[in-house]
A.B. asks: 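Below you'll find the structure I mean.
Below, read A as the first sequence line, B as the second, and so on, with proteins coming before strands; counting in each chain starts at 1.
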Amino acid sequence: MRMLLLLLSLLVTPLAWGQATGPLIDALATDDYAAKEQALTALTETGDPAIVPALKALEGGQLYRRLTDDKVVIGRENGDNISLTDPLSGDTLGSVPAGDLELIRVNNRLRRAIGASLGALTLRSPDAAVRRTAAEAVFVNRDAAALPLLEAALAEEQDAKVKRSLQQARAAILLADANLGTEEKLSSIATIADKGGQAALALLNPLTGSTEPAVAKAATEAVRLIDNKLAWAAAAQNIIYGMSLGSVLLLAAIGLAVTFGVMGVINMAHGEMVMLGAYTTYVVQDLIRAHAPGLFDWSLLIALPLAFIVAGGVGILIERGIIRFLYGRPLETLLATWGLSLVLQQAVRSLFGPTNMEVGNPDWMAGAFQVGEVTITYGRMWIFLFGLIVFAALMLLLRRTPLGLQMRAVTQNRSMARAMGIRTARVDALTFGLGSGIAGLAGVALSQIDNVSPNLGQGYIIDSFMIVIFGGVGNLWGTLVGALSLGIVNKLLEPLAGAVLGKILVLVGIILFIQARPRGLFALKGRAIEH
Amino acid sequence: MQGGILLPRLDRAGLAFGAVALGLAILIPVLNLLVSTDSPFHVPPHVVALMGKYLCYALLALSVDLVWGYCGILSLGHGAFFALGGYAMGMYLMRQIGPRGMYGHPTLPDFMVFLNWPELPWYWLGFDQFWFAALMVLLVPGLLAGLLGWLAFRSRVTGVYLSIITQAMTFALLLAFFRNDMGFGGNNGLTDFKDILGASIQADGTRSALFAASAIALALGFILCRWIVRSKLGRVLIAIRDAESRTRFLGYRVEQYKLLVFVTSACMAGVAGALYVPQVGIINPGEFSPANSIEAVIWVAVGGRGTLIGSVIGAVLVNFGKTLLTNALPEVWLFALGGLFIAVTLFLPRGIVGLWTGYWTRRREKQAASITTQPVTEGQ
Amino acid sequence: MSTRPDPQHTQLYLDGVSVSFDGFRALNNLSLIIMPGEMRAIIGPNGAGKTTMMDLITGKTRPDKGTILFDGDTDLTQMDEAGIATLGIGRKFQKPTVFESHTVWDNLDLALAGKRGPFASLFHRDGADDDRILSILDTIRLSARRHVLAGSLSHGQKQWLEIGMLLAQEPKLLLVDEPVAGMTDAETAETARLLREIAQTRSVVVVEHDMTFVRDLDVKVTVLHEGSVLSDGSLDHVSADPRVIEVYLGR
């Protein structure tokens with residue numbers, strides 16, 4: 001069978017190329033779309049790669065009939081005139097006024113046919129990637145006219161990957177033929193099943209109802225396999241998106257894990273610390289744009305320490321000015337800091353206006369890369385890494401530095417710590433400043449993916465509290481696990497329930513979870529915990 | 001207890017409040033309807049509606065005070081109960097529009113016609129009857145509070161954890177009610193009301209009647225709260241607030257008490273919302289916003305928590321201030337509100353009423369100290 | 001341990017009770033029996049498991065394994081605090097815990113035995129039990145201060161008020177955690193007298209550090225160490241026990 005096809009293609013190709021294609025191209029210059037399509041088929045059957053520029057021009061609305069001699073030419077606008085080139089040789093033919101030309105129009109049907117032809121013709125490009133794309137195009141178009149070209153290309157193909165794509169394209173065309181033998185149908189189904197993806201599914205689905213039991217069975221099986229693969233790919237994609245969302249939540253919650261988790265202070269203005277970090281980024285970028293545009297790619301790195309200082313500084317002021325008077329009165333702290341959040345929002349609104357601020361992405365944050373079926377943007381990847389880095393740094397700070405030791409001492413036994421000469425007031429202020437500063441860092445990251453407006457922080461405050469409580473108050477690892485798992489659950493629910501309903505379900509889920517485990521995922525238990 | 005002396009005095013407080021509220025319920029409609037518009041004593045209709053709104057807020061504040069002031073449950077989700085009551089009333093009012101909507105559909109509200117809904121969803125059935133809507137005003141907030149409270153109190157979720165859970169609850173409802181396919185009008189909510197109980201909602205007489213209804217509801221709510229806090233139940237609530245585990249070890253099932261008072265309070269908030277909606281003419285998901293709930297808490301804090309009357313005073317004062325400020329200097333209002341939160345918690349923890357009674361309690365304690373040295377007479 | 005007696009006639013019966021928190025064994029195979037009308041003092045160094053034992057008996061904590069029976073047949077491990085309290089077990093905390101914004105009178109009124117449900121409270125009629133409150137006020141020597149807010153009592157008076165509240169509860173078994181901590185000598189002696197008086201009509205378990213006070217009580221002593229019973233008998237007997245000396249002095 002294969003030998004036969006090979007022979008056939010060897011016969012067809014040189015024959016076609018030997019013909020003069022010039023007259024065939026001129027046949028395109030007609031008002032009758034059916035005639036145009038016939039001319040296109042004839043052109044495609046030549047298999048001559050030289051006609052590719054002409055077809056591309058036709059598709060792009062740049063192929064004209066020269067009224068003076070009815071020759072078909074490619075024209076590109078050049079001021080008032082149009083410069084012409086020969087469609088086959090590419091020789092320049094001078095430029096003429098637009099009135100001397102008539103555009104060869106295409107309709108949608110023709111446009112599709114052109115696409116298929118281009119796919120078939122580029123099958124023999126020297127570039128393997130181009131060949132593969134062409135094979136994919138044929139696979140989608142399933143244009144029977146491309147079959148001879150395809151088989152010719154298949155015979156010469158050396159690259160294994162391209163060869164597979166060509167075989168799959170060929171199988172797709174063959175399956176479209178109702179008179180195909182059962183054996184060939186089965187082997188074509190196997191080839192297509194191997195490819196997988198939505199396009200393959202679209203091809204195989206109709207065959208599950210085939211009158212031939214063997215074909216129907218093979219198709220059903222293949223569809224099941226492909227569905228499975230697709231489900232896994234979708235799940236993987238959702239998990240990666242979920243981890244990305246989780247890292248955003250982690251960044252927002254991690255500062256709160258210090259102020260609420262470690263210190264036990266309910267800071268409802270935590271979101272506004274995030275917001276201050278985002279506005280710091282805006283101001284830094286604004287100054288850079290005005291004074292040193294070359295530094296723009298560095299703007300985020302410059303903003304990070306500044307955001308930490310701004311948010312941390314405001315945090316220390318809050319602790320000294322308000323919160324220290326309210327230790328041991330959590331409900332009052334909650335109310336006072338809520339009031340503070342209103343003041344901060346309004347202050348920023350008065351200073352910068354209520355509208356969203358334009359915060360740009362540096363080049364290294366833009367773009368995306370592909371892992372298997374999943375697309376990951378560089379921005380998301382950096383934010384994910386940044387979240388982990390901040391988490392690790394905080395862990396180190398708490399575990400390995402004298403300040404961290406003092407913080408843990410003060411939170412565990414204040415009076416004992418004071419008796420040992422630790423200046424508890426200073427440690428309180430620094431701890432709160434640290435938590436707020438981290439929120440500022442989060443603001444820099446969030447400025448890249450969220451609208452920078454006075455309300456930025458409000459969107460995160462409830463989520464952040466939920467995560468810290470879900471993970472277990474006072475347990476940083478709990479916050480990490482809580483943020484990532486909530487992100488993933490959210491994204492897994494989204495395709496099932498929609499974004500908003502998914503979020504509602506997560507909220508309700510956490511509310512119910514807290515009933516079952518009031519102290520969170522990783523709770524310490526024992527009698528000391530009560531007071 | 002030694003109630004012999006105290007009982008009439010406390011009753012007087014409840015009755016006095018009832019009398020003042022009833023007086024308002026008569027006076028304001030009279031000044032609006034019967035006094036000529038030229039007279040300086042005439043109260044214009046928009047002021048009647050405004051005052052009616054304040055009274056609804058006062059009832060909401062009262063319900064917050066009952067749980068927060070007396071039982072230590074800081075609910076940041078009472079706005080949700082208020083809004084649910086409001087939606088129940090709003091659904092009744094929508095059904096009263098009948099075929100007078102923009103699209104002229106005999107039963108479907110405009111937004112459902114717009115969304116191509118073929119028929120009323122099942123949960124809209126019955127709302128054409130006032131009695132049914134009125135029942136739902138109590139039942140829906142009460143059931144939600146009952147469910148959340150049963151779960152939370154049973155597993156001993158207290159303090160800020162409970163506050164944050166209630167906040168998450170109202171936030172989840174906010175998101176839910178924004179969805180068009182929930183069938184509550186999406187982010188536009190319910191509006192364009194025409195009639196209530198057959199009377200045009202725009203008419204001066206209806207506005208006055210709604211005001212009077214709000215005043216009476218507030219008075220009843222106040223008397224109910226007084227009854228609760230003055231009974232032994234009220235003393236158990238305070239005991240729970242001050243020493244929960246002591247109360248438990250005395251044999252009280254703390255969760256039952258909390259649940260009872262939480263549900264009662266949610267029903268009161270629902271009634272407040274139901275009276276609020278016809279007076280402002282709209283209910284939308286914004287009412288579920290966590291900021292609303294927490295604002296109600298600050299009214300109570302300003303007036304003085306655990307005093308009942310303080311919550312009413314606080315709600316009226318703060319909202320009056322809000323009306324003045326948002327008209328005169330809109331951008332200052334959030335500064336003022338935020339500042340109020342901070343100032344009250346730092347400098348006025350017992351609120352306005354606390355300032356006042358603090359002075360009197362100190363005097364009474366001095367007197368009590370001198371009295372108790374005398375021999376005890378029984379059966380006071 | 002020697003063979004366990006039949007739990008049938010005991011007031012409180014603990015057998016093989018263990019509980020651990022995050023890997024720390026707070027109680028380790030603890031067994032203890034209190035007979036009706038008995039008063040027992042429990043001593044032991046910090047962390048011996050005294051308060052945890054109280055938490056288990058009163059239902060605040062659940063044991064990992066073991067039996068806790070009240071009146072010989074009621075399984076306490078299946079009940080909550082309120083249920084156990086209404087059975088007739090009263091508990092006094094280490095730190096005096098009274099309702100500070102209620103008057104002394106109201107504190108006792110709330111503690112009085114009676115229906116505990118919220119609706120019973122709502123429709124409760126005041127004044128029926130005034131005699132009972134007056135007599136307790138007399139016992140705890142607070143008659144003169146009955147209209148004062150409990151929050152303004154002195155530390156010792158709060159301790160007594162709490163004991164008075166326990167009396168009002170009319171328990172069969174009273175658990176008392178460090179009743180004399182922070183009391184003057186005179187108050188301590190008075191408290192010992194009060195407890196002995198109470199013990200005439202019910203069982204009492206007293207946890208205490210203060211040895212003079214334990215001597216004043218003059219009852220059987222149980223020494224706890226690392227979550228189980230180290231020794232028991234009269235105070236003189238356990239003080240002579242070399243293991244007890246080792247535990248107290250060896251620390």
A.B. asks: Ignoring hydrogens and angles, state whether a donor on the side chain of C/Ser101 or B/Arg241 is under 3.5 Å from an acceptor on the partner side chain.
C.D. replies: yes

A.B. asks: With a 4.5 angstrom heavy-atom cut-off, is it the side chain or the backbone of B/Ile238 that approaches chain C, or both, or neither?
C.D. replies: both

A.B. asks: Any chance you could measure C/His124, atom NE2, to B/Ser231, atom OG, to the nearest 0.5 Å?
C.D. replies: 9.5 Å

A.B. asks: So, are B/Arg253 and C/Glu81 salt-bridged, with charged N and O less than 4.0 Å apart?
C.D. replies: no

A.B. asks: Pick one of side chain, backbone, both or neither for C/Asp80, based on which atoms fall under 4.5 Å of a heavy atom in chain B.
C.D. replies: side chain

A.B. asks: Please look at B/Glu244 and chain C and tell me whether the side chain, the backbone, both or neither of the residue comes under 4.5 angstrom of a heavy atom of that chain.
C.D. replies: neither

A.B. asks: Could you pull out the closest heavy-atom pair between C/Pro118 and B/Gln256, with the gap in Å?
C.D. replies: CD-OE1, 3.3 Å

A.B. asks: Short question: side chain of C/His102, backbone of B/Arg235 - any donor-acceptor pair under 3.5 Å?
C.D. replies: yes

A.B. asks: Supply the atom-to-atom distance C/Phe123 CZ to B/Leu233 CG, rounded to the nearest 0.5 angstrom.
C.D. replies: 9.5 Å

A.B. asks: Show the numbers, then the answer: is there a side chain to side chain contact (heavy atoms under 4.5 Å, CB included) between C/Lys92 and B/Phe249?
C.D. replies: CA-CA 9 Å; C/Lys92 203 202 118 352; B/Phe249 285 119; over 6 Å; no

A.B. asks: Using the rule given for side chain to side chain contact (heavy atoms under 4.5 Å, CB included), can you reason through B/Arg246 versus C/Met165, listing the C-alpha separation, both sets of side-chain angles and the distance that settles it, and then say yes or no?
C.D. replies: CA-CA 10 Å; B/Arg246 180 20 100 220; C/Met165 287 162 75; 4.2 Å; yes

A.B. asks: Taking the side chain as every heavy atom from C-beta outward, state whether B/Leu250 and C/Phe99 have any atom pair closer than 4.5 Å.
C.D. replies: yes

A.B. asks: Any chance you could lay out the side chain to side chain donor-acceptor pair (under 3.5 Å) test for B/Tyr252 and C/Ser121, step after step, and finish with the verdict?
C.D. replies: CA-CA 10 Å; B/Tyr252 292 97; C/Ser121 298; 5.6 Å; no

A.B. asks: At a heavy-atom distance under 4.5 Å, which candidate from C/Thr97, C/Val98, C/Leu149, C/Leu122 has the highest pair count against chain B?
C.D. replies: C/Leu122

A.B. asks: What residue, out of B/Ile228, B/Thr247, B/Leu259, B/Leu237, has the most heavy-atom pairs lying under 4.5 Å from chain C?
C.D. replies: B/Thr247

A.B. asks: Determine the minimum heavy-atom distance between B/Gly251 and C/Thr86, stating which atoms define it.
C.D. replies: O-CG2, 3.9 Å

A.B. asks: Name the region of C/Leu166, side chain, backbone, both or neither, that has any atom closer than 4.5 Å to a heavy atom of chain B.
C.D. replies: side chain

